[in-house]
Amino acid sequence: MATIDVPLHSAKLEIRKLAPALGAVVESFDLAQQHDDRTIAAIRRALDENLVLFFEDQSITPEQQRDFAARFGALYVHPLYPGQSGLPEIMILEYDQNRKGHNNVWHSDVTYIQTPPQASLLYAEVLPGIGGDTLWANTYLAYEALSEPLKALAGRLNAVHDFSKAFRPERFAQYGIADRIDKVYEENPPVVHPVVRTNPQTGRKALFVNQNFTSHIADVSERESRALLDFFLDHLNQPEFQVRWQWKPNAVAFWDNRWTQHYALSDYFPHHRRMRRATILGDRPV
Ligand SMILES: O=C(O)CCC(=O)C(=O)O
Ligand SMILES: [Fe+2]
């Protein structure tokens, strides 16, 4: 009997949606396996459709996490956060009684570079007994909820994204990087991105400013910039655009970093929470 339908079968995913806005669990999937190109393409499609995918019961090593993420593109090495020893592409986010979680600001990752990440893959190693959920928001929906005149205005604006807005030296004092901090600032000057970002494949548009890195709107007065940016950030922050994920140990979140923002609750201090992230570089926003 012929058994040539294996590649077809392997590209089928079992998806359970979590919220109308975005987010889905991929069931019975093992990230540690070697996956064929069709399966990787199916994950890519599921991510395009759901914007954040969750995988439970994974227990993957840092190497397996890096290898899976690298199937989607080149990986970013963060200049400030510590990396897994010997594996700089795996960034560690660890909080405990000595350091309170500080990712409780709506953002997409690394928008302070010309080609911000297309996606991030986050693995939960250690979690507090309660708390430490993460929220994601669909930024296509945020754009689409604007009135036509506001869409038109937003579409004409550019914004400055600035590494030094979010990353103050105090925040990284404990990471022992004092000797190279000046060089890191020099290597990460502010960049300009459009306020409305367009998906080149589909033409769909999304709001692309965030509270963490967007310092101001370009080519307008300071007063105008403040009012416009406050409006866009407040507009983005509506529960209808969101999904909230309650972590379990060994779970993974894989999010599209172009059409979403996220917020990691910092409600578990002084308990321990340790996550590992692989960050996949993307294209220049248009
Ligand atoms: O720890 C989390 O849940 C998310 C933190 C974060 O902002 C990130 O990993 O990019
Ligand atoms: Fe983040």
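Each ligand, and each atom within it, is numbered from 1 in the order the structure gives.
Both tests hold for R204 against Y140: distance to the six-membered ring centre under 6.0 Å, angle to the ring axis within 45°.
The pair D48-R44 meets the salt-bridge criterion, since a charged nitrogen lies less than 4.0 angstrom from a carboxylate oxygen. Comment: R66 does not engage E63 in a salt bridge, judged by the lack of any side-chain N to carboxylate O separation of less than 4.0 angstrom. A salt bridge links D256 to R258: at least one charged side-chain nitrogen sits closer than 4.0 Å to a carboxylate oxygen. A salt bridge does not link E144 to K205: none of the charged side-chain nitrogens sits closer than 4.0 Å to a carboxylate oxygen.
Less than 4.0 angstrom separates some heavy atom of H107 from each of these atoms of ligand 1: 7 (O). Applying the 4.0 Å criterion to heavy atoms of D109 picks out, from ligand 1, the atoms 10 (O). Those atoms of ligand 1 with a heavy atom of L122 less than 4.0 angstrom away are 1 (O), 2 (C), 3 (O), 4 (C), 9 (O). Interface atoms of ligand 1 facing A264, defined by a heavy-atom separation under 4.0 Å, are 1 (O), 2 (C), 3 (O), 4 (C), 5 (C). For ligand 1 and L93, the ligand atoms under 4.0 Å from any heavy atom of the residue are 9 (O).
Checked against a 6.0 Å centroid threshold, the rings of Y185 and F163 count as neighbours. Taking the six-membered ring for Trp and the full ring otherwise, W259 and Y143 have centroids separated by 6.0 Å or more.
Looking only at protein heavy atoms, the nearest one to atom 3 (O) of ligand 1 is T134 OG1, 2.6 Å. The single protein non-hydrogen atom nearest to atom 1 (O) of ligand 1 is R273 NH1, 2.8 Å, given as residue, atom name and distance. Remark: minimum distance from atom 8 (C) of ligand 1 to any protein heavy atom is reached at R277 NH1, 3.4 Å.
Of the heavy atoms in W255, only side-chain atoms (C-beta onward) come closer than 4.0 Å to ligand 1.
Distances shorter than 4.0 angstrom do not occur between any heavy atom of M91 and any atom of ligand 1. Residue contacts with ligand 1 leave out Y95, since none of its heavy atoms falls under 4.0 Å from the ligand.
Using the six-membered ring where Trp is involved, F68 and F254 have ring planes that are perpendicular, over 60° apart on the 30 and 60° scheme. A tilted orientation is assigned to the rings of H262 and W255, their planes being inclined by 30° to 60°.
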Let me check something: any side-chain donor-acceptor pairs from residues 76-87 under 3.5 Å, sequence neighbours excluded? List them with distances.
| from | atom 1 | to | atom 2 | distance (Å) |
| --- | --- | --- | --- | --- |
| Y76 | OH | Y112 | OH | 2.9 |
| H78 | ND1 | L80 | N | 3.1 |
| H78 | ND1 | Y81 | N | 3.3 |
| H78 | NE2 | Y112 | OH | 3.4 |
| Y81 | OH | H102 | NE2 | 3.1 |
| Y81 | OH | N103 | ND2 | 3.1 |
| Y81 | OH | R171 | NH2 | 3.3 |

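Only protein N, O or S atoms were considered, and those under 2.8 Å from the Fe ion (ligand 2) are H107 NE2, D109 OD1, H262 NE2.
Considering only heavy atoms from C-beta on, D109 comes within 4.5 Å of R277 through its side chain.
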